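Read through the structure below, which is laid out as structure tokens, and then see the notes.
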Amino acid sequence: MKEENFYSKKDLPSHLQKEKMWNNIESEILIKSQPNILFHWKSFLIGNAAAVLLIFSSIGIVSTYNNLFDDSSTEEQVYETLNTATKQLQSLTPLLIQQASEQNKNSIESTADAISEIDKLIDEIKSDMLLNGTSPSKEASLKRLYATKLDFYKEILLNQEDQS
């Protein structure tokens, strides 16, 4: 059987045409095989803004939760602040005793002893409040003791001032 050619020799591409055709095909294949990376800036910025808002809202939720379900009341925070302040004043007392004149030294020492007795009373009332619960009279007594303690520290500081 004779093979029939559909194209004549002149219809076939020349060597130069074949080379151009394969070069074009090869360049198209290379372009399509490379990953097409698109970066959409608007989406990127919106996504980052959303992430920042999520972080801030999470912080807000956590802090709100902590504030709502915080075990320490404002009364306890007041007492903690008073304790911190009186501890700082207590560390100042020995220095004031050292600097005091002989006539004021005994007065300051006795006031410091009275403050330590007040501290014992404050601790007793606090432990009683923990064991038996709080009552208005216990809270009032605790406030009076703190006020007396602060008055004694005021007296120590004023004695030191009179001495100067």
Side-chain angles (χ1 to χ4, degrees), residues 1-96 98-99 115-116 118-154 156-157 160:
M1 224 189 199
K2 189 177 173 191
E3 202 174 305
E4 291 186 29
N5 289 334
F6 291 104
Y7 298 104
S8 66
K9 290 243 182 207
K10 73 176 191 181
D11 288 335
L12 294 175
S14 70
H15 180 68
L16 185 62
Q17 288 173 332
K18 282 183 187 178
E19 202 172 305
K20 281 184 179 180
M21 183 172 49
W22 283 112
N23 284 340
N24 284 339
I25 291 171
E26 186 179 15
S27 68
E28 285 292 320
I29 290 173
L30 287 176
I31 289 173
K32 295 208 180 198
S33 67
Q34 291 176 350
N36 193 6
I37 300 173
L38 293 177
F39 196 74
H40 195 255
W41 281 100
K42 186 176 179 182
S43 297
F44 174 75
L45 293 175
I46 290 172
N48 280 333
V52 168
L53 287 175
L54 273 173
I55 290 170
F56 283 135
S57 63
S58 299
I59 291 170
I61 288 170
V62 168
S63 65
T64 302
Y65 178 80
N66 287 340
N67 286 338
L68 287 177
F69 299 107
D70 192 11
D71 288 340
S72 62
S73 65
T74 55
E75 288 287 325
E76 289 175 5
Q77 290 174 350
V78 167
Y79 294 138
E80 286 176 27
T81 306
L82 284 170
N83 280 334
T84 304
T86 55
K87 282 180 185 175
Q88 289 177 346
L89 288 170
Q90 192 173 16
S91 65
L92 181 67
T93 305
L95 180 65
L96 293 174
Q98 286 177 354
Q99 292 178 352
I115 290 172
S116 65
I118 290 174
D119 283 335
K120 290 177 186 175
L121 291 172
I122 288 173
D123 290 338
E124 283 180 27
I125 291 177
K126 281 185 175 181
S127 63
D128 183 44
M129 288 171 74
L130 286 174
L131 292 174
N132 302 321
T134 61
S135 69
S137 63
K138 290 178 187 175
E139 288 178 2
S141 297
L142 196 58
K143 287 178 184 177
R144 273 194 303 272
L145 285 172
Y146 274 114
T148 306
K149 186 176 179 180
L150 290 173
D151 283 340
F152 282 154
Y153 278 120
K154 181 175 121 181
I156 290 174
L157 291 171
Q160 186 66 21

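Side chains are part of it too, since the values below use all heavy atoms of this structure and drop only hydrogens, waters and symmetry mates. It should be emphasised that the depicted structure is a prediction, and the values quoted were computed from it without experimental measurement.
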Distance check, rounded to the nearest 0.5 Å: [X] atom [atom1] versus [Y] atom [atom2]?
{"X": "Lys143", "Y": "Ile122", "atom1": "NZ", "atom2": "CD1", "answer": "13.5 Å"}
{"X": "Phe152", "Y": "Ser116", "atom1": "CZ", "atom2": "OG", "answer": "10.5 Å"}
{"X": "Ile115", "Y": "Leu150", "atom1": "CD1", "atom2": "CG", "answer": "9.0 Å"}
{"X": "Thr84", "Y": "Gln88", "atom1": "OG1", "atom2": "CD", "answer": "7.0 Å"}
{"X": "Ile118", "Y": "Tyr153", "atom1": "CD1", "atom2": "OH", "answer": "9.0 Å"}
{"X": "Ser137", "Y": "Leu142", "atom1": "OG", "atom2": "CG", "answer": "11.0 Å"}

Residue set satisfying side chain to side chain contact (heavy atoms under 4.5 Å, CB included) with Leu16, at least two apart, ordered chain then number -> Ser14

Residues which pass side chain to side chain contact (heavy atoms under 4.5 Å, CB included) with Ile46, listed by chain and number, not counting sequence neighbours:
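So Ile46 forms a side chain to side chain contact (heavy atoms under 4.5 Å, CB included) with Lys42.
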
- Partner set under side chain to side chain donor-acceptor pair (under 3.5 Å) for Thr134, not counting sequence neighbours: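 In terms of side chain to side chain donor-acceptor pair (under 3.5 Å), with neighbours along the sequence ignored, Thr134 is linked to no residue.
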
Hits for side chain to side chain donor-acceptor pair (under 3.5 Å) against Ser127, two or more places apart or cross-chain, chain-then-number order -> none

Start with the C-alpha distance between Leu12 and Lys18, add both sets of side-chain angles, then the distance that settles side-chain contact (heavy atoms from CB on, under 4.5 Å), and finish with yes or no.
CA-CA 9 Å; Leu12 294 175; Lys18 282 183 187 178; over 6 Å; no

Give every donor-acceptor pair under 3.5 Å between a side-chain atom in residues 57-64 and any protein atom, sequence neighbours left out.
unit_1 : atom_1 : unit_2 : atom_2 : d
Ser57  : OG     : Leu53  : O      : 3.0
Ser57  : OG     : Leu54  : O      : 2.9
Ser58  : OG     : Leu54  : O      : 2.8
Ser63  : OG     : Ile59  : O      : 3.2
Ser63  : OG     : Gly60  : O      : 3.1
Thr64  : OG1    : Gly60  : O      : 2.7

By the salt bridge (charged side-chain N to carboxylate O under 4.0 Å, His left out) test, which pairs, at least two apart or in different chains, include something from residues 120-137?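 As it turns out, the salt bridge (charged side-chain N to carboxylate O under 4.0 Å, His left out) pairs with a partner in residues 120-137, which skip direct neighbours, are Glu117-Lys120, Asp128-Lys138.
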
- Task: Starting from the C-alpha separation in whole Å, work towards a yes-or-no answer on side-chain contact (heavy atoms from CB on, under 4.5 Å) for Asn48 and Val52.
- Result: CA-CA 6 Å; Asn48 280 333; Val52 168; 5.6 Å; no

Before you tell me yes or no, could you show the steps for Met21 and Ile25 under side-chain contact (heavy atoms from CB on, under 4.5 Å), namely the whole-Å CA-CA distance, both residues' side-chain angles and the distance that decides it to 0.1 Å? CA-CA 6 Å; Met21 183 172 49; Ile25 291 171; 4.1 Å; yes

